[in-house]
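Structure first, commentary second.
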2 protein chains.
Amino acid sequence: MAVKEMYEKYLEEISEVSLFQGIERVDIEAMLNCLKPIVGHYKRSDYIVNGGDKYESIGIVLKGSATVSKENAAGNRSVMTLLKQGDIFGEIVAFSSVMTWPATVQAQEACEVLFLPRGKIIGDCERMCSWHRIFIQNFLRIISERAILLNKKVEYLTIKSIRAKICAYLLEQSKKIGSKKIVLPLNRNELADFLNVSRPSMSREMGKLRDEGVIDFHLTAVEILDFQALKNNMSE
Amino acid sequence: MAVKEMYEKYLEEISEVSLFQGIERVDIEAMLNCLKPIVGHYKRSDYIVNGGDKYESIGIVLKGSATVSKENAAGNRSVMTLLKQGDIFGEIVAFSSVMTWPATVQAQEACEVLFLPRGKIIGDCERMCSWHRIFIQNFLRIISERAILLNKKVEYLTIKSIRAKICAYLLEQSKKIGSKKIVLPLNRNELADFLNVSRPSMSREMGKLRDEGVIDFHLTAVEILDFQALKNNMSE
DNA sequence: CATATTCTGTATCCTCAGATACCGACTTAG
DNA sequence: CTAAGTCGGTATCTGAGGATACAGAATATG
């Protein structure tokens, strides 16, 4: 069966994708037969989708990596995300009324991409196959978690001063792992980027916090010495 | 039938809620019997849910209005949204792995709130009732659109200079309605708030743009005179 | 119509944070 | 082992934008 073999080739990769989490291998095969996805092959720097093109399917990177970039009204293109194997793209637009791709996806290295047609996902098949419920549940989870992440990002971006951003970030990290001692998951550049400030300015402020005895740190290892001061600083 | 009558009272309000868009009145009744929601009554300034409490249900405001507020680690409470009749809350958390309410909801005036249990929404009933598909589709749409909105917000917040923010905003508005002449949907305070800058600073920058002949404006009426200049300014 | 209140533009002052440059500590490659 | 590259801390300089204040326009209220 040609179609089956077409997917069989990628079954290993597909079963790793978060969208298919909790679905049996046999069911995945059944799903693929039902969803009738298309597999696209791309060479390095090929365009996978173009911003503004008609949106029809959700994409899943089976092999390789790709960049998501967006062009603003002035024509400047900036990279927003790097997609790796197993990553999904276009999942937020799928269920909205948006009809075109909001961004461009370009192969960074040779890529294989699975496209699931937007319409087939909710399922027009009469019977609700058992896997279909899990599939939709996965979808809801993925989109929700994206929204939660964006919400968190908005919170950080809304904070005015660098000092307050750092304090908020450190408190949250510390709370998450439940310890005074934190190992930052980002290096200085990435952290500065995440908080949307310049690296030297951030370092300067961290230095001040250290001088004041609020925190201590060496590279990515940070220790909170004075929680109260940290809390006071994040408000204003 | 007591249960039916309990919902019947609110059927008018419920059928207006976006979550039930496209579902027949009779089907809504069937749904409610299946979902077994709870209706809560609250007096002004009652707490409807408390941040940190166990999350169990999605809330829908049937009557009245309520505020959504969040407390940061320093203990400062700030209002994030105002919920009005027909608005939904807690819909993003419902399908994530988050187990507690991320924010507090408090009645601003006497409120009636419908709670739909988180677990019942995907539906464990064997047959996929016809309305259930639409219901889930509505859910996906609502959450997706929230994510898109947040994404847009992040884009604006990430822009560094006030000038670039204003230019980006004006270009987008103009593009949306397809005209040089825009009537802003926000007053200065709200716009400054949305762009996360101070009002006088924003006014100052708008004044400069006017002096340069890029735009002209009077209160909320803005006209774009030089698109090219606007585009050049939003990049840097 | 008169008064009160909210909204907007503008000026002044001053601080926070960006840009840039440089150095020392590590890492990797040859 | 040397050279080149990356990463983090720090200093200096400068300017963008925040805070504050006030006055005139617009709107609401009696």
Side-chain angles (χ1 to χ4, degrees), chain A residues 76 78 82 156-170 173 181-223 225 229-230 232-236, chain B residues 76 78 82 156-170 173 181-223 225 229-230 232-236:
Chain A
N76 294 67
S78 70
L82 178 64
Y156 280 117
L157 288 173
T158 307
I159 298 174
K160 295 285 176 29
S161 75
I162 291 188
R163 169 170 285 241
K165 285 187 192 206
I166 295 171
C167 293
Y169 182 80
L170 292 178
Q173 289 299 314
K181 301 193 179 191
I182 309 164
V183 176
L184 301 177
L186 307 169
N187 68 24
R188 291 298 129 95
N189 252 315
E190 293 165 336
L191 183 54
D193 222 62
F194 176 70
L195 300 178
N196 201 34
V197 297
S198 79
R199 185 193 55 81
S201 298
M202 193 184 70
S203 275
R204 176 209 290 153
E205 208 58 46
M206 286 181 68
K208 281 188 195 169
L209 284 169
R210 182 172 50 192
D211 294 346
E212 296 170 17
V214 180
I215 61 173
D216 193 16
F217 65 90
H218 178 67
L219 302 179
T220 57
V222 182
E223 182 178 4
L225 302 175
L230 218 56
N232 295 340
N233 278 313
M234 62 169 290
S235 15
E236 148 273 1
Chain B
N76 295 68
S78 70
L82 179 64
Y156 280 116
L157 288 174
T158 307
I159 298 174
K160 294 283 176 32
S161 74
I162 292 188
R163 170 170 285 240
K165 286 187 190 205
I166 296 171
C167 293
Y169 182 79
L170 292 178
Q173 290 297 314
K181 300 192 180 191
I182 308 163
V183 177
L184 301 178
L186 306 169
N187 68 25
R188 290 298 128 95
N189 251 314
E190 294 165 336
L191 183 54
D193 222 61
F194 176 70
L195 300 178
N196 201 33
V197 297
S198 80
R199 187 192 56 79
S201 298
M202 190 183 71
S203 275
R204 176 209 289 155
E205 207 58 45
M206 285 181 69
K208 282 188 194 169
L209 285 168
R210 182 172 51 192
D211 294 346
E212 296 169 18
V214 180
I215 61 173
D216 193 17
F217 64 89
H218 178 67
L219 301 179
T220 57
V222 181
E223 182 177 5
L225 303 174
L230 218 56
N232 294 341
N233 279 312
M234 62 169 290
S235 11
E236 149 276 1

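Residue numbering restarts at 1 for every chain, and letters A, B, ... go by the order of the sequence lines.
Whole-Å rounding puts the Lys208(B) NZ to dT10(C) P distance at 12 Å. Rounded to whole Å, atom C1' of dT8(C) lies 14 Å from atom CD1 of Ile166(B). Counting to the nearest Å, the C1' atom of dT6(D) and the CG atom of Leu219(A) are 13 Å from each other. In this structure, Asn187(B) places its CG atom 12 Å from P of dA28(D), rounding to the nearest Å. The distance from atom CZ of Phe217(A) to atom P of dT10(D) is 7 Å, rounded to the nearest whole Å. Counting to the nearest Å, the C1' atom of dT8(C) and the CZ atom of Arg210(B) are 10 Å from each other. Following rounding to the nearest Å, Arg199(B) (CZ) and dT20(D) (C1') show an atom-to-atom distance of 11 Å. As rounded to whole Å, 11 Å separates atom C1' of dA17(C) from atom NZ of Lys160(B).
Closest to the side chain of Ser198(A), out of dG18(C), dG18(D), dT10(D), is dG18(C).
With contacts defined as side-chain heavy-atom distances shorter than 4.5 Å, the pair Asn196(B)/Leu157(A) does not qualify.
When all heavy atoms of Leu191(B) and Met202(B) are compared, the pair lying nearest together is CG-SD, 3.8 Å. Scanning both residues, Val214(B) and Ala229(B), for their nearest heavy atoms gives CG2-CB, 3.8 Å. The two residues Ala192(B) and Ser198(B) make their nearest non-hydrogen contact at CB-C, 4.1 Å.
A donor-acceptor contact under 3.5 Å is not formed by the side chain of Arg188(A) with the base of dG9(D). Below the 3.5 angstrom threshold, one finds a donor paired with an acceptor across the side chain of Ser201(A) and the base of dG18(C). Contact of Arg204(A) with dA17(C) (side chain to base): a donor-acceptor pair of N or O atoms is detected under 3.5 Å.
The pair Glu223(B)-Arg210(B) fails the salt-bridge criterion, with no side-chain N (NZ, NE, NH1 or NH2) lying under 4.0 Å from an Asp/Glu carboxylate O.
Nucleic acid contact for His218(B): sugar-phosphate only, since backbone atoms but no base atoms lie under 4.0 Å from a heavy atom of the residue.
Of the two residues contacting DNA chain C, namely Glu205(A) and Gly207(B), the nearest-nucleotide position lying further toward the 5' end is that of Gly207(B).
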